[in-house]
A.B. asks: 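Below: one structure in structure tokens.
On a predicted model such as this, the values are computed, not experimentally measured, just so you know. Below, each value reflects all heavy atoms present in this structure, side chains not excepted, and no hydrogens, waters or symmetry copies.
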Amino acid sequence: LHELRTQQTNIESRLKVSLPNDLSAALTDGVVLCHLANHVRPRSVPSIHVPSPAVPKLTIAKCRRNVENFLEACRKIGVPQLGCFLGCRVEEEEEKTGFEEREDEDCEVLDVI
């Protein structure tokens with residue numbers, strides 16, 4: 001839990017954002033992840049789907065696309081594939097949108113920054 005809070009603080013300071021205490025909820029739509037990848041290597045994620053005032057929640061397809069773009073950027077940056085969100089996945093059902101985290105896995109992209 002301490003490591004998770006440390007990573008959250010790291011993300012917040014680098015992106016100059018404030019994330020909710022539930023980090024998985026903040027990462028669910030892939031927006032923060034894409035911005036994080038672009039912070040590490042500018043333009044590594046060329047297009048990010050973001051919520052708007054008119055449509056405050058992204059569709060599951062747009063969330064999935066953001067996460068896929070993030071993972072592709074991680075590969076380009078050089079993050080080992082097994083180290084990047086091995087323990088996380090986007091839920092298939094929209095009402096369960098989110099990440100499932102396994103306690104024994106860390107996302108190595110955070111080590112890159």
A.B. asks: Working to the nearest 0.5 Å, report the span between NE2 of His39 and CG of Leu15.
C.D. replies: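 The CG atom of Leu15 is 6.5 Å from NE2 of His39, to the nearest 0.5 Å.
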A.B. asks: Which distance, rounded to the nearest 0.5 Å, do you find between the CG of Leu33 and the CG of Leu27?
C.D. replies: 5.0 Å
A.B. asks: For a quick test of reading the model, state the closest non-hydrogen atom pair linking Thr28 to Cys63 and the distance between them.
C.D. replies: O-CB, 4.1 Å
A.B. asks: Using side chain to side chain donor-acceptor pair (under 3.5 Å) as the criterion, list what pairs up with Arg5, not counting sequence neighbours.
C.D. replies: Gln8
A.B. asks: If we only count heavy atoms from C-beta on, is the Thr9 to Thr6 side-chain gap below 4.5 Å?
C.D. replies: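 Sidechains of Thr6 and Thr9: no contact.
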A.B. asks: Could you tell me which non-hydrogen atom of Pro51 sits nearest to which non-hydrogen atom of Pro56, and how far apart they are?
C.D. replies: CB-O, 3.2 Å
A.B. asks: Let me confirm one number: the NE2-CG distance from His49 to Asp29, rounded to the nearest 0.5 Å.
C.D. replies: 11.0 Å
A.B. asks: Which heavy-atom pair separates Asn38 from Val45 by the least distance, and what is that distance?
C.D. replies: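 Closest pair (atom of Asn38, atom of Val45, distance): OD1-N, 2.7 Å.
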A.B. asks: Just how far is it from atom CD of Gln7 to atom CG of Leu19, taken to the nearest 0.5 Å?
C.D. replies: 12.0 Å
A.B. asks: Over all heavy atoms of both residues, which pair between Pro46 and Ser44 is shortest? Give the atoms and the distance, please.
C.D. replies: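 Reported closest heavy-atom pair: CD-O, 3.6 Å.
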A.B. asks: Does anything in residues 66-80 form a side-chain hydrogen bond (donor to acceptor under 3.5 Å, both in side chains)? List the pairs, not counting sequence neighbours.
C.D. replies: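 Qualifying pairs: Arg65-Glu68, Arg65-Asn69, Glu72-Arg75.
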A.B. asks: Are side-chain heavy atoms of Ile48 and His35 found at a separation under 4.5 Å?
C.D. replies: yes
A.B. asks: Would you name the heavy atoms of Ala37 and Phe70 that are closest together and state the gap between them?
C.D. replies: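 Minimum heavy-atom separation between Ala37 and Phe70: CB-CD1, 3.9 Å.
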